[in-house]
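What follows is one structure encoded as structure tokens, with my remarks underneath.
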Amino acid sequence: MDDKPQVLDAEHGAKRAKPKDVGVSRFVLLLVACATLPACWMLIHKAWGHGNHAEEQNVLGKVSWGGCGSQGSRLAECGDITVPLDYFDEGAGSASIGLARYPASVSPRKGIVLFNPGGPGGSGKGLVARAGKLLQTLVGEDYDVIGFDPRGIGDSKPSTKCFSEGIDYATFSRNTILSRSYDLASNLSDAEAKKILIRQHIEAEALYKTQFEVCARTMGDKLKYMGTSSVVRDIDFITKALEGPNSLINFYGFSYGTILGQYLVNMLPDRIGRVAIDGVADATAWVSDPYYTWYREWLTSTTDAYDLFFQRCSEVGPLHCELAHEKAEKPSDIKDRLESFIDGLFYEPLAVSNATVPGLLTSGRVRMFLLGNLVTPLSWPAAAHALAQAMTGDGAAVLDAVQPRAGADLQRSAVSCNDQLPHAAPAPGAVVGELLDVFRTVTRLAFTVVTTEPDAGCEFWPVTPPERFAGPWNHTLSNPILILSNEMDPVTPLRSGELVHKLLGDSSSLLIQDSPGHCTIALPSACTNNATRAFFADGTLPKPGTHCATDYPPFSVDAVRALDVDAGRLDAQARLGVILDRVRKGADYDDLL
Ligand SMILES: *[C@@H]1O[C@H](CO)[C@@H](O)[C@H](O)[C@H]1NC(C)=O
Ligand SMILES: *[C@@H]1O[C@H](CO)[C@@H](O)[C@H](O)[C@H]1NC(C)=O
Ligand SMILES: *[C@@H]1O[C@H](CO)[C@@H](O)[C@H](O)[C@H]1NC(C)=O
Ligand SMILES: *[C@@H]1O[C@H](CO)[C@@H](O)[C@H](O)[C@H]1NC(C)=O
């Protein structure tokens, strides 16, 4: 299929009174009938007056399944579903959502669970096609696991492709502030730091303006369909198409998938079956507050994770953490050495000639590397090795890890800018003043998150979505949801999980895992896994105040392996934790399958 969906004319599209209905039940009835009657598609074809092949491909609700190709697992099926492009304008035509299904292996089969890996930008279709079996360890082998590529992402059409052939986001952003991140030394006075940062921020703003002007030119109106509210309607549509009009929605979302999950349960509170959100970000701020005010709350656990990194580094010593000079060295000495190296890079960046893309190691890039690795504690030994190499003059491994991926586009911006309520352009002094205060009082990685999680510049976003859900976030749900938060998650703190739990009250239960890392599976726990499986098995919720320990102490090479049944699942989740991180970055993960 090419990028442009065939546009159904209004008369031939689904007849819909309200977006709530989206005509899906009518299609589902036809689909159910079609499952038993091969000639059925011909009848629909005739009844809806579709005269040619191109239109036939775009019958709303039509699901096509086939193999997943060489990349997918043998048991997985891949395909797509045709959905309304705009649930509020039937004349707008159709969109196609990429799907993958990994089937239940235990009967009786319970139904489906849709997964979102996060990002936004991660391909759920690719994840399920290749790692569906691993995902099943989270919810039970009696569910079909369904992956989908949200609007604009992966195999879904239209896709977010602002840059033209031969130019991608990596080319556009190379060596600008967007890929170097903000440069700063901690010994600068506030006044000096502010002046330097404002210069950098003004450059960032000009780049946001440039990139969104490019999007407006190349994508135009198609951009407005990529927001989270549209994705929620797709999840409902897909569930009804696959499982029947009365089936409730089962969903598991990681990271940004928790924002999608909060939209889902509050937009469709009566449609909720089993929903779990893991690594919770705060949807209320995401929608309503200017981006630069998020981080004071969102990075509240970052310093705890950062300090634990040095604490554990000292405990395991140079054999496993090359940043330590000796076992039981004072953690603050290890940290001071690293931070003075980073400060030094502000005054004199390191030339790195043998990186995959040769370039400079700057203070901003090392901070990006650090934040990126606090997210995945299983990578701490490798991260310490790369940093130790950089400190002795070889910055290749660190630089390679933070360069933007070839082929990337603005998929994340298309989601976050369609979601955010409009705000006036923030004054550079206000943005820098706020972040500098977060840098001084909350975490040294404050400026880094702006460039590692690009949600800025939306004042230049050229379109308005058909629907922009903005709460309320406190609905009573048809079934309570499971909220999973780590005690020291560097990017989605426990505080956000507590906030969602408070808003949803009895419609939710919060499980806290006592570990660092982003999402509970960053460091697997048999206790958390058992609680999650019990929830998907029959709705059992963990008791209020439940804490789970991890079975993989951070920075250790040998996991504590409890019982056999746990060991297999824990191993699956350890791999899954790393895979999900790579999915969100758009990186390869074939070596882990
Ligand atoms: C900050 O540190 C750098 C190098 O470590 C030094 O050259 C510079 O003079 C210091 N600046 C201030 C304001 O202390
Ligand atoms: C990069 O070059 C340095 C010497 O300048 C060498 O020691 C190092 O092994 C090289 N690193 C890689 C990743 O090739
Ligand atoms: C839910 O939130 C809305 C808007 O914030 C508020 O007006 C309402 O009182 C809340 N309802 C409950 C039951 O707390
Ligand atoms: C998890 O559940 C399995 C059975 O499925 C059990 O053998 C194991 O002991 C449980 N582990 C924990 C930590 O609760």
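All ligand and atom numbering here is 1-based and tracks the order in the structure.
- Gln573 and Asn529 share a side-chain donor-acceptor pair at under 3.5 Å.
- In this structure, atom 7 (O) of ligand 3 is not in close contact with the protein, since no protein heavy atom lies within 4.0 Å of it.
- For atom 14 (O) of ligand 3, a protein heavy-atom neighbour is found at a distance under 4.0 Å.
- Of all protein heavy atoms, the one closest to atom 4 (C) of ligand 3 is Pro472 CB, 4.1 Å.
- Close N/O approach between Glu192 and ligand 1 is not found [any backbone or side-chain N/O within under 3.5 Å].
- When side chains are defined from C-beta on, Tyr182 does not count as touching Arg367, because their heavy atoms never get closer than 4.5 Å.
- Shortest non-hydrogen contact noted between Thr448 and Ser181 is CA-OG, 3.8 Å.
- The aromatic rings of Phe536 and Tyr143 stand perpendicular to each other, their planes meeting at an angle above 60°, with 30° marking the opposite boundary.
- Counting heavy atoms from C-beta on, the side chains of Glu315 and Arg312 come closer than 4.5 Å.
- The closest protein non-hydrogen atom to atom 12 (C) of ligand 1 is Asn187 ND2, 3.4 Å.
- Relative to atom 2 (O) of ligand 4, the option among Asn530, Thr528, Asp551 with the closest non-hydrogen atom is Asn530.
- Here the heavy atom of the protein found nearest to atom 3 (C) of ligand 1 is Tyr347 CE1, 3.4 Å.
- A donor-acceptor pair under 3.5 Å links the side-chain atoms of Asp183 to the main chain of Gly364, judged by distance alone.
- For atom 9 (O) of ligand 3, the closest non-hydrogen atom on the protein side is Asn474 ND2, 4.8 Å.
- Of the listed residues (Thr492, Leu499, Val500, Leu484), just one forms a side chain to side chain contact (heavy atoms under 4.5 Å, CB included) with Val280, and that residue is Val500.
- Atoms of ligand 4 lying under 4.0 Å from at least one heavy atom of Ala526, given by number and element, are 13 (C).
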